[in-house]
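For reference, the structure is listed below as structure tokens.
Proteins get letters first, then strands, A, B, ... in listed order; numbering begins at 1 in each.
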Number of protein chains: 2
Amino acid sequence: MATIKDVARAAGVSVTTVSATINMSAPVSAEARAKVLAAVAAVGYSPNPIARNLRLGKSRLIGLLVPDISSPYAAGMARSMQSALADKGYSMFFSSTQEDSARELADIDRMSDHMVAGLALLPTCLGADYAQNLAGHITCPAVLLDRVIPGAPYDCVADDNALGARMIVRHLVQLGHRDIAMIAGRVGITSSDERLSGVRQALADAGLALAPEFTVTHHQSEELAVRAVQDLMSRSRRPSAIITINSAQVRGAMRALRSMHFRAPDDVSLIAFDNFHYSAGFDPEITSLSQDVGGLSGAAAAMLTERLGWPKGEGAAAPPPPRLVRFAPTLIVRSSCRPV
Amino acid sequence: MATIKDVARAAGVSVTTVSATINMSAPVSAEARAKVLAAVAAVGYSPNPIARNLRLGKSRLIGLLVPDISSPYAAGMARSMQSALADKGYSMFFSSTQEDSARELADIDRMSDHMVAGLALLPTCLGADYAQNLAGHITCPAVLLDRVIPGAPYDCVADDNALGARMIVRHLVQLGHRDIAMIAGRVGITSSDERLSGVRQALADAGLALAPEFTVTHHQSEELAVRAVQDLMSRSRRPSAIITINSAQVRGAMRALRSMHFRAPDDVSLIAFDNFHYSAGFDPEITSLSQDVGGLSGAAAAMLTERLGWPKGEGAAAPPPPRLVRFAPTLIVRSSCRPV
DNA sequence: GCGCCACGTCCTTGATCGTTGCCATCCACC
DNA sequence: GGTGGATGGCAACGATCAAGGACGTGGCGC
């Protein structure tokens, strides 16, 4: 490992000159610059980011935390963000927090120890005083993905769930559905809450209502969706359509229907807030909202890097206040919904 | 940020004593230890890993690189490895290389600059002299995931593809299939090559053969699988069963069949080397091999940490030679295959 | 015209970031 | 006096940055 000293020796200049050349932090004569660049090439020098980070007290590292990297939504986010940030010269720290907020906070701490410049967080939203806990651990600019934490001082990118809800409800209502059930997620996760209240509102606008016995809120796992759908479909009065909020629930719903020898859309229509690669492989193919994961990730990366590059100091303009950007989903009509 | 000096001042001892207490690198009296620990708690000290890494020339960081984090296989690996390594106090650097070996090598370099202790790599296996290129960039212990690079000086965990092939072939042959087609992946990726040659061998053992016109090798994308299956199924002589090597190909195969108004297993049986969450949501549910991703990841993490902890120096035993560990898959019989 | 000072440019010396490890020192005890 | 455990001082690790030196140039006063 060649160090800056080796370069200085090879170039016959001081380490400061080498540093100034590389970082363009001070004027260097053309002659000296040429000698330095030649020496850099000759000894195969690449700056040691560890030493630089120590000296500067900051790094070009971004921490990414998601509850479960196995979910297509999180994986898509991770892929796009990593790509976008790598293009801007950032490397990525990663943690799949397994829906465990203690782990999440601990990993944020570890990342902070490594002086990450920023964080991208799909938050677990678990535990009392979650927002406050988070604030106690995050010491750098952060961007929240998918889930809003009201009042938190971070940029946030999210789906336009109210719009998505209107799209879904309009589609179902146009098909004549009135007995609509919804399986939402854990209360307190805004993406789920917004989808639920959006559906409620959209139904109200259409003169309909989401019956309490047709409303399920719980953790969004496949198993619980299986039970929820089995329960819904064994009632004397059954829904004619079921809305789910993510891909795991779609899997669960399909399994539940099959176990009861029901079929979508013959016995019940199925529609989801979340599209995924496999939607098209199901039979029926699942009508679903496609969330703009690429758009979200791009915006998140852009907002984060904007904040990281914000000039500091006396004369500098104040950074923008926390922003919330929403992206419109697209309804992909496939074959899992049919007219009543 | 409290530093070790703050602790030393608060405890009334030297920084050396604080360091010795924390690292247990030298004997410290019970009295001093108590003072140090109290001071650590009082000032809220946490060691600065950057400074430590600089000083020691190594870190507790592991780099993970996969071609595409969106694939369930890679995501499962990432999740398990991150979890296992976090438990041992390692943090994770992450890169989704987008099936681009230049990016892969560049990211390995960046990770090396950050003095990662080890690498976990699901290699792209792309480009001429791939193994040699890799060797030129990897400067720390590494473990290869899923894809073997023959002769490379790294531990490797992989599926037992020969066994998997025998299981698949036995299942199909028992159902009376003789006209079997296989869609493999890019040549040069051992997991694909082994699956193909394993199927060939297993068929040969059963007195059958894989017809050249029923053998497709290409990059393992969904789109190419669509075309391959459309092609296979538009022949005058059609296969009675199709074997695919991964989940993207299953999606493609399902789409192709639907586009031609065929149905599995009525018109053709379908079986896959790779199980995934969504296999059960498909109709038919896909009969597939479940690869032991958890086992693979656990072994990979264990082998890597074993090497990282290997004592160095004169008297120490030599580290083990590169090891290749294979994990047996399980055949999950679902409803996508039927007797001829 | 000469000498001095001021100034700008380019470069170097030396301190520093927080940590660890080598070595010297100190004290108590045999 | 030797031994050995406990502790502190100091120099690194590789980089950046503040301060100041060297040097050439130009303006100005005598």
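The separation between B:Met115 atom CE and C:dT19 atom P is 16 Å, rounded to whole Å. Counting to the nearest Å, the P atom of C:dT19 and the CE atom of B:Met1 are 11 Å from each other. To the nearest angstrom, C1' of C:dG18 lies 18 Å from NZ of A:Lys58. The distance from atom NE2 of B:His114 to atom C1' of D:dG14 is 14 Å, rounded to the nearest whole Å. Separating the CG atom of B:Asp113 from the P atom of D:dA15 is a distance of 10 Å, rounded to the nearest angstrom. As rounded to whole Å, 12 Å separates atom P of C:dT19 from atom CZ of B:Arg9. Between A:Asn48 atom CG and C:dG18 atom C1' the separation is 14 Å, expressed in whole Å.
For the side chain to side chain contact (heavy atoms under 4.5 Å, CB included) test with A:Val157, the passing option among A:Leu296, A:Leu144, A:Leu304 is A:Leu296; the others fail.
The residues B:Asp87 and A:Arg103 are annotated as salt-bridged, a charged nitrogen and a carboxylate oxygen being separated by less than 4.0 angstrom. Under the 4.0 Å criterion applied to side-chain N and carboxylate O atoms, B:Asp159 and B:Arg326 are not assigned as salt-bridge partners.
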What does the list of N/O pairs under 3.5 Å between the protein and nucleotides 5-7 of chain D look like, with a distance for each?
from  : atom 1 : to      : atom 2 : distance (Å)
D:dT7 : OP1    : B:Ser29 : OG     : 2.6
D:dT7 : OP2    : B:Ser29 : N      : 2.8
D:dT7 : OP2    : B:Ser29 : OG     : 3.4

Using a cut-off of under 3.5 Å, enumerate the N/O to N/O pairs linking the protein to nucleotides 15-17 of chain C.
from   : atom 1 : to      : atom 2 : distance (Å)
C:dT16 : O2     : A:Arg55 : NH1    : 3.0

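Side chain B:Ser25 to base C:dG21: no donor-acceptor pair is found below 3.5 Å.
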### Task
Given side-chain hydrogen bond (donor to acceptor under 3.5 Å, both in side chains), test A:Ser80 with A:Gln82 step by step and report yes or no.
CA-CA 6 Å; A:Ser80 311; A:Gln82 202 268 331; over 6 Å; no
### Query
Can you check side-chain hydrogen bond (donor to acceptor under 3.5 Å, both in side chains) on A:Glu99 and A:Thr124, steps first, answer last?
CA-CA 6 Å; A:Glu99 302 276 7; A:Thr124 62; over 6 Å; no
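Contact check for A:Leu119 versus A:Ile62: no side-chain heavy atoms found under the 4.5 Å cut-off. Between A:Cys140 and A:Val116, some side-chain heavy-atom pair lies under the 4.5 Å cut-off. Counting only heavy atoms from C-beta outward, the side chains of B:Tyr45 and B:Asp6 never approach each other to under 4.5 Å. Between A:Met111 and A:Ser95, some side-chain heavy-atom pair lies under the 4.5 Å cut-off.
Which of D:dA18, D:dA15, C:dG18 sits closest to the side chain of A:Ile4 comes down to D:dA15.
Counting non-hydrogen atoms under 4.0 angstrom, B:Pro47 reaches the backbone sugars and phosphates but no base.
Between A:Asn53 and the phosphate of D:dA15, there is no side-chain N or O to OP1/OP2 separation shorter than 4.0 Å. Contact check, A:Ser19 against D:dT16: a side-chain N or O comes under 4.0 Å of OP1 or OP2.
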